[in-house]
Amino acid sequence: MTILSILEFPDERLRKKAAPVEVFDDALRRTVDDMFETMYAAPGVGLAATQVNVHKRILVIDVSDEKNAPLCLINPELLGRSGNGEMEEGCLSVPGIFEKVCRAESISFRAQDRNGDFFEMSAEGLLAVCIQHEMDHLEGKLFLDHLSALKRQMARKKLQKERRLREIHKAPRAAAAV
Ligand code: GNR
Ligand code: NI
């Protein structure tokens, strides 16, 4: 298994719309395994294929405390949604930014598993939030897009500042390696 690198905002590849998975073969299952390893290593509670530059409709999720409830959704489709709730969200592609986002409280959905078999499920709480967050990624959408223009601008500034600091810290090491 391999830990994949995660694209970070404002990388334009995060804006691509993912295509449906049509072939359920060993290569797909390897991608799913790599995505789980990447998500657990990060660590995160979910990961969309888009974030690792694979533009296919694949999500991996584990919102359990013990990290023993892996859930893989391929070609997920919402069947229903109800209620509204606000929860603080973060994103591995938008490191260090945490903001409240309003989403449906409970959802039901249909998806395929890693063998292509269809299943239906309903979810609420963090799991429902996480699935909606991950499904957004497949459409090229980020949680930042749900915020007010002002909050989005604040997040962009903070990310720019942190990226500049990271570059400054990296520069001497890169020079020493030459
Ligand atoms: O690790 C993650 N935590 C999280 C917390 C609240 C709402 C959504 C998430 S998803 C995020 C991992 C990620 O970026 N998935 O795309
Ligand atoms: Ni995310």
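Order of appearance sets the numbers: ligands from 1, and atoms from 1 within every ligand.
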_The test is side chain to side chain contact (heavy atoms under 4.5 Å, CB included); show your working for L71 and L127 and say whether it passes._
CA-CA 10 Å; L71 183 61; L127 181 58; 4.1 Å; yes

*Decide side chain to side chain contact (heavy atoms under 4.5 Å, CB included) for R15 and F9; before the verdict, give the C-alpha distance in whole Å, the side-chain angles of both, and the deciding distance to 0.1 Å.*
CA-CA 9 Å; R15 297 305 185 179; F9 177 84; 4.1 Å; yes

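Among the atoms of L126, none of the N or O lies under 3.5 angstrom from an N or O of ligand 1. Geometrically, ligand 1 and G46 share a nitrogen or oxygen pair separated by less than 3.5 Å. Between E89 and ligand 1, not a single N/O pair is under 3.5 Å apart.
An angle of 100° is found at the Ni ion (ligand 2) between H133 atom NE2 and H137 atom NE2, rounded to 10°.
With rounding to the nearest 0.5 angstrom, the NZ atom of K16 is 12.0 Å from the NZ atom of K56. Taking CG from L47 and CD1 from I6, the interatomic distance works out to 5.5 Å, rounded to the nearest 0.5 Å.
Atom 3 (N) of ligand 1 has its closest protein heavy atom at V45 CG2, 3.3 Å. The shortest contact between atom 8 (C) of ligand 1 and any protein heavy atom is with H133 ND1, 3.6 Å. The protein heavy-atom contact nearest to atom 10 (S) of ligand 1 is E134 OE2, 3.6 Å. The nearest heavy-atom contact from the protein to atom 14 (O) of ligand 1 is L92 N, 2.8 Å.
For ligand 1 and G44, the ligand atoms under 4.0 Å from any heavy atom of the residue are 1 (O). Close approach to C91 involves these atoms of ligand 1, each under 4.0 Å from a residue heavy atom: 14 (O). Ligand 1 places these atoms under 4.0 Å from at least one heavy atom of H137: 16 (O).
Looking only at atom types and distance, the side chain of R163 has no donor-acceptor partner in the side chain of Q160 under 3.5 Å away.
Here the rule is side chain to side chain contact (heavy atoms under 4.5 Å, CB included) with S122, and of S108, S82, S106 only S108 fits it.
Selection from E88, M39, M87 by nearest heavy atom to atom 6 (C) of ligand 1 gives E88. Selection from C130, S93, G90, P95 by nearest heavy atom to atom 11 (C) of ligand 1 gives G90.
R110 places no side-chain N or O within donor-acceptor distance of the main-chain N or O of L79, the cut-off being under 3.5 Å.
When every heavy atom of M135 is checked against every heavy atom of L59, the shortest pair comes out as CG-CD1, 3.9 Å.
H137 and H133 have perpendicular rings, their planes meeting at more than 60° on a 0 to 90° scale where under 30° would count as parallel.
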